[in-house]
Visitor: 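Below is the structure I would like to discuss, written out as C-alpha cells.
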Amino acid sequence: MADGITSSPCSSEPDSPIGLNRGCLLRPGEDQDLDQDLTWLVPETPSPQLRTRRRRCNMETRSSSVAPAGSAEPDRPVSSKGNVSRKPKRRRLVEPSASFVPASCLQTFPLGNWVEAPSSSSSSAPSSSSSSTSHLDFGGKIGAIFWLLFLPAWVLFLILQVNQEDPSLTNFPRALPSLQTFWDFQAFGFVLLWILFQALLYILPVGQLSEGMPLRSGEKLRYRTNGFFAMVVSAVLVAAAVYHGVDLTYIHSHFLQLATASFLVSLLLSIYLFIRSRSAGPEQRALGGNSGNVAYDFFKGRELNPRINNFDLKFFCEMRPGLIGWCLINLAMALAEMKQQGLDAPSHSMILVNVFQLLYVTDGLWNEEAILTTMDLMHDGFGFMLAFGDLVWVPFTYTLQAYYLVGHPNPLSPPLLTAIILLKLVGFYIFRKSNSEKNAFRRNPSDPKLSHLKTIPTATGKSLLVSGWWGVVRHPNYLGDLVMALAWSLPCGFSHLLPWYYMIYFIILLVHRDSRDMSECRRKYGSAWDEYCRTVRYRIIPGVY
Ligand SMILES: NC(=O)C1=CN([C@@H]2O[C@H](COP(=O)(O)OP(=O)(O)OC[C@H]3O[C@@H](n4cnc5c(N)ncnc54)[C@H](OP(=O)(O)O)[C@@H]3O)[C@@H](O)[C@H]2O)C=CC1
Ligand SMILES: CC(C)CCC[C@@H](C)[C@H]1CC=C2C3=C(CC[C@@]21C)[C@@]1(C)CC[C@H](O)C(C)(C)[C@@H]1CC3
C-alpha cells in the first residue's frame, strides 16, 4: 500500500481505477516528512472540528505506545518480540504503521474508496476502470475448473458414504446410483418452497436495517437483519408441521434428492449471477473475481453485492436458507435416529450435535449484523463458490455428523459428555467475544468500551486492533470456531473418519482463508499490516501457528 500512496497520494489521481475521489492521503503541499503526523488519515477538506480532533489525536498518539492509553512512552513502537524499541524520531508519512493509537482517538472518515483501494504493487488490484484481477486464488483458471467439478462430486461422495453401513475409508461406495435416483420433483418443490419461504421472511419489514461497511464508492448498503426472527418463525412452523403429523424423516430418506435439487438451484443462481454481473459497473465488482476468465470468474463471483431492488442475494443466501436449513436437517436426523433405533428420545450424542450446531446458527443469526464486517460480505464476489457453499455445502455436509449418528450410535460416559460441553463453551466464548470485539471496533472505532485497546493506524483511515483478542493471535475467531468444531466431532467417537470430516475440512478452509486474508490485508494496509504481524506473531493458535 505504501508504494501506492507515494505514487498516487490522492484518491482522485488519474490512476485511481474506480473513480476514487473522496479521500486524500497527503494534504497537497504539506511536508511529507512530519514526525508521526496522522493528518493523512483525514478527508480532503476536514472540518475545523475534525482538525482539532486530529491534532488532539496526534498529541495522544505521540504519547502513546504499546502501553495502555495514557501511559507515556513517546515514539516507541513494539518490536517483533513485543518489547518496546526505539525508532528514529523523524519518519516518513508512508510508514504510518509504527505507532499504536488508543482506540478512543480514532474516527472513521469517509475514505470508503480506500477500503479496497489497490496499490500499484497489488497483485489483485484493478489495473484500470475494468477492475481486472491479476492474482488468482484457488489454483487459478485450471483450479477453478477443478473446483467446479470436484465440489459437487465430493458432496455426492460424502452422501453416498454416510449412507453406508460401514462408512470406512477403505469401503468406498461401489457404484453410482441410477440417474433417476438423483431426481425427485417433490424434493425439488420442497427446496424451492423453503427458499421462497425464507425470502418472504427476509423481505418482511420486521427487524432493524443495518448499515454495511463503506463500499469503494463510499456508499453504504443497508441490510434487513431479521435473521433471528426468521429462525423463530421457521421453528414455529416446523414444530406445527411435526405436531400435525408431517414426517420430517423424509429429509433423511430423500437426502440425495434434496441435495441434487439444491445443487440445481445453486447452479442456476450462479449462471444468473454471472450473466447479470456483465452489466455491473467497475465499482460494483469484487476485486478478486474479475480476471476475464469465464471459469474463474464464474467460480469466484464477479459482482460484490448483487441486489434485486433491496433484496441482497449474497447476504440472504449466506444467512438464511442453508443456515436455517442446517438446523432443520439436524432435527430430521434426530427423528430418524429415534425411528431407526426405536428410541423414545434422541441419543446424548445426537442431542449434543443438535444443540451445539443450533447454538452456532442461532448465535450467527442473533448477531447477524456482524456478518457485514466479514470477508465474504466485504470482499468476495457472489458466484458459484458462495452460492454452492451456502445452498449445498452448508446444509448437506455440515449435517453429516447428525446423519452419521442415525446409523452409528456412540454412547457417551457422563465425564466425557461434561468435557465435550465445556470444550464447546470455551470455543464459543472465544469465537463470540473476538467476533464482537472486531465488529464493534469496525462499526465505531471511538466506542468508549474499546478505549482500552491499542491500535495501529493505517493509510486507509481504518486502524487495526493490536491488543485484546486480536492481540493474542491474528484470527482469534478462527481459533474459537475450530475448538467448537472439535466439540461437534467428539460426540461421534473414533470408529470412523467421516464425522471428523468437518474438522479436517475446516482446518484446511480456515488456514487457506487466513492466508487469503493476510494477502488482502497486506495489500490494503501495507507496512501497517507488517507491523501488526510482527507484533502479533501467531495466526490462529498461540505459540503454535
Ligand atoms: N462455519 C463456517 O463454515 C465458517 C465460519 N467462518 C467464521 O466466520 C467468521 C468471520 O470470518 P472471516 O470473514 O473469514 O474473517 P474475519 O471476520 O476475521 O474478517 C477478516 C477481516 O477483519 C479485519 N481485521 C483483521 N485483523 C484485524 C485487526 N487486528 N483489527 C481490526 N480488524 C481486523 C480485516 O478487514 P478490514 O480491515 O477490511 O475491516 C480482515 O479482512 C469467523 O468467526 C469464522 O470462524 C468463516 C468461514 C467458514
Ligand atoms: C464450497 C467451498 C469449498 C467453501 C464455501 C465456504 C462457505 C460454506 C462458508 C464461507 C463462509 C461462511 C460463513 C458461514 C457459513 C459457511 C460459509 C458460507 C457462517 C454464516 C456460519 C455461521 C457463523 O455464525 C457465521 C460467522 C455467521 C459464518 C460466516 C461465514
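Counting starts at 1 for both ligands and their atoms, in listed order. Note that the structure is predicted; figures quoted are calculated from it, not measured. Reckoned from all heavy atoms, side chains included, excluding hydrogens, waters and symmetry mates.
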Visitor: Of the choices R320, M319, E368, which has the non-hydrogen atom that lies closest to atom 20 (C) of ligand 2?
Guide: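 It is M319 that holds the nearest heavy atom.
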
Visitor: Can you check which of D514, D481, V361 brings a heavy atom nearest to atom 44 (C) of ligand 1?
Guide: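 Answer by nearest heavy atom: D481.
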
Visitor: Is the closest heavy-atom distance from R513 to ligand 2 below 4.0 Å?
Guide: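 It does, in that a heavy atom of R513 comes within the 4.0 Å cut-off of ligand 2.
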
Visitor: Any pair with a residue in residues 383-393 that passes side chain to side chain donor-acceptor pair (under 3.5 Å), sequence neighbours left out, goes on the list, sorted by first then second residue, please.
Guide: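 Non-adjacent pairs meeting side chain to side chain donor-acceptor pair (under 3.5 Å): W393-Y505.
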
Visitor: Only pairs under 3.5 Å count here: list side-chain donor-acceptor contacts from residues 259-266, not counting sequence neighbours, and write none if there are none.
Guide:
from : atom 1 : to   : atom 2 : distance (Å)
T260 : OG1    : F182 : O      : 3.2
T260 : OG1    : L256 : O      : 2.7
S262 : OG     : L258 : O      : 3.0
S266 : OG     : F263 : O      : 2.8

Visitor: State, yes or no, whether a side-chain contact exists between D514 and L510 at a heavy-atom distance under 4.5 Å.
Guide: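 The answer is no; the side chains never approach within 4.5 Å.
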
Visitor: At under 4.0 Å between heavy atoms, which part of T455 makes contact with ligand 1: side chain, backbone, both or neither?
Guide: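 No part of T455 comes within reach of ligand 1.
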
Visitor: Any atoms of ligand 1 less than 4.0 Å from a non-hydrogen atom of Y532? List them with their elements.
Guide: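 Reading through ligand 1 atom by atom, the close ones are 29 (N).
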
Visitor: Have a look at T399 and tell me which of V162, I251, I329 forms a side-chain contact (heavy atoms from CB on, under 4.5 Å) with it.
Guide: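 By the side-chain contact (heavy atoms from CB on, under 4.5 Å) criterion, T399 pairs with just one of V162, I251, I329: I329.
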
Visitor: Quick one: which ligand 1 atoms are inside 4.0 Å of a heavy atom on D517?
Guide: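 Selected atoms, number and element: 20 (C), 21 (C), 40 (C), 41 (O).
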
Visitor: Please work out which of the three classes, parallel, tilted or perpendicular, describes the rings of F197 and W194, given edges at 30° and 60°.
Guide: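 Taking F197 first and then W194, their aromatic rings sit tilted (interplane angle of 30° to 60°).
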
Visitor: Which of the atoms of ligand 1 are close to H475, meaning less than 4.0 Å from one of its heavy atoms?
Guide: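 Atoms satisfying the 4.0 Å criterion: 18 (O).
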
Visitor: Stepwise, does the ring-ring contact (aromatic ring centres under 6.0 Å, His included) test hold for Y545 with Y538?
Guide: CA-CA 5 Å; Y545 176 76; Y538 290 98; 8.7 Å; no

Visitor: Any atom of ligand 2 sitting under 4.0 Å from a heavy atom of D363?
Guide: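 Heavy atoms of D363 never come under 4.0 Å of ligand 2.
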
Visitor: For atom 28 (C) of ligand 1, which of the options I371, L465, L323 provides the nearest non-hydrogen atom?
Guide: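 The nearest heavy atom belongs to L465.
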
Visitor: At less than 4.0 angstrom from any non-hydrogen atom of L464, what atoms of ligand 1 do you find?
Guide: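 With L464 as reference, the close atoms of ligand 1 come out as 27 (C), 28 (C), 30 (N).
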
Visitor: Any atoms of ligand 1 less than 4.0 Å from a non-hydrogen atom of L509? List them with their elements.
Guide: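 Heavy-atom distances to L509 below 4.0 Å select 47 (C), 48 (C).
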
Visitor: Parallel, tilted or perpendicular: which describes the rings of Y532 and W529, with under 30° parallel and over 60° perpendicular?
Guide: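 The rings of Y532 and W529 sit tilted, inter-plane angle from 30° to 60°.
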
Visitor: I would like to know whether N435 and N477 meet side chain to side chain donor-acceptor pair (under 3.5 Å); could you show each step before the answer?
Guide: CA-CA 6 Å; N435 272 327; N477 47 357; 2.9 Å; yes

Visitor: Just wondering, do I324 and Q198 contact through their side chains at under 4.5 Å, heavy atoms?
Guide: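 Touching, per the 4.5 Å side-chain cut-off.
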
Visitor: Within the 4.0 Å heavy-atom shell around K524, which atoms of ligand 1 are there?
Guide: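 Selected atoms, number and element: 35 (O), 36 (P), 37 (O), 38 (O), 41 (O).
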
Visitor: So, does D390 sit close enough to ligand 2 that a heavy atom of it is under 4.0 Å from the ligand?
Guide: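 D390: in contact with ligand 2 (<4.0 Å).
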
Visitor: Compare K438, R474, M518, Q357 and give the one whose heavy atom is closest to atom 19 (O) of ligand 1.
Guide: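 Of the listed residues, K438 has the closest heavy atom.
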
Visitor: Could you list the atoms of ligand 1 found under 4.0 angstrom from a heavy atom of Y525?
Guide: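 Heavy-atom distances to Y525 below 4.0 Å select 36 (P), 37 (O), 38 (O).
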
Visitor: Return yes when at least one protein heavy atom is under 4.0 Å from atom 16 (C) of ligand 2, and no when none is.
Guide: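 It does: a protein heavy atom is found less than 4.0 Å away from atom 16 (C) of ligand 2.
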
Visitor: Taking only heavy atoms of Y502, which atoms of ligand 1 are found under 4.0 Å from at least one of them?
Guide: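 What qualifies from ligand 1 is 1 (N).
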
Visitor: For ligand 2, is any non-hydrogen atom under 4.0 Å from T374's backbone (N, CA, C, O), its side chain (CB onward), both, or neither?
Guide: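 Looking at T374 and ligand 2, no heavy atom falls under 4.0 Å.
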
Visitor: Classify the ring geometry between W326 and Y360 as parallel (under 30°), tilted (30 to 60°) or perpendicular (over 60°).
Guide: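 Perpendicular, since the angle between the ring planes exceeds 60°.
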
Visitor: Do the non-hydrogen side-chain atoms of P491 and I420 ever get within less than 4.5 Å of each other?
Guide: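 P491 reaches I420 side chain to side chain.
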
Visitor: Would you say D376 has any N or O atom under 3.5 Å from an N or O of ligand 1, going by distance alone?
Guide: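 No; the residue has no nitrogen or oxygen that sits under 3.5 Å from a nitrogen or oxygen of the ligand.
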
Visitor: Indicate the ring-plane relationship of F315 and Y223, choosing parallel, tilted or perpendicular according to the 30° and 60° boundaries.
Guide: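 Tilted, since the angle between the ring planes falls between 30° and 60°.
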
Visitor: Look at atom 12 (C) of ligand 2 and say whether a protein heavy atom is found at less than 4.0 angstrom from it.
Guide: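 When distances to the protein are checked, atom 12 (C) of ligand 2 has a heavy atom within 4.0 Å.
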
Visitor: When you measure from atom 25 (C) of ligand 1 to each heavy atom in W326, F506, W470, Y505, which option holds the nearest one?
Guide: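 Minimum heavy-atom distance to atom 25 (C) of ligand 1 goes to W470.
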
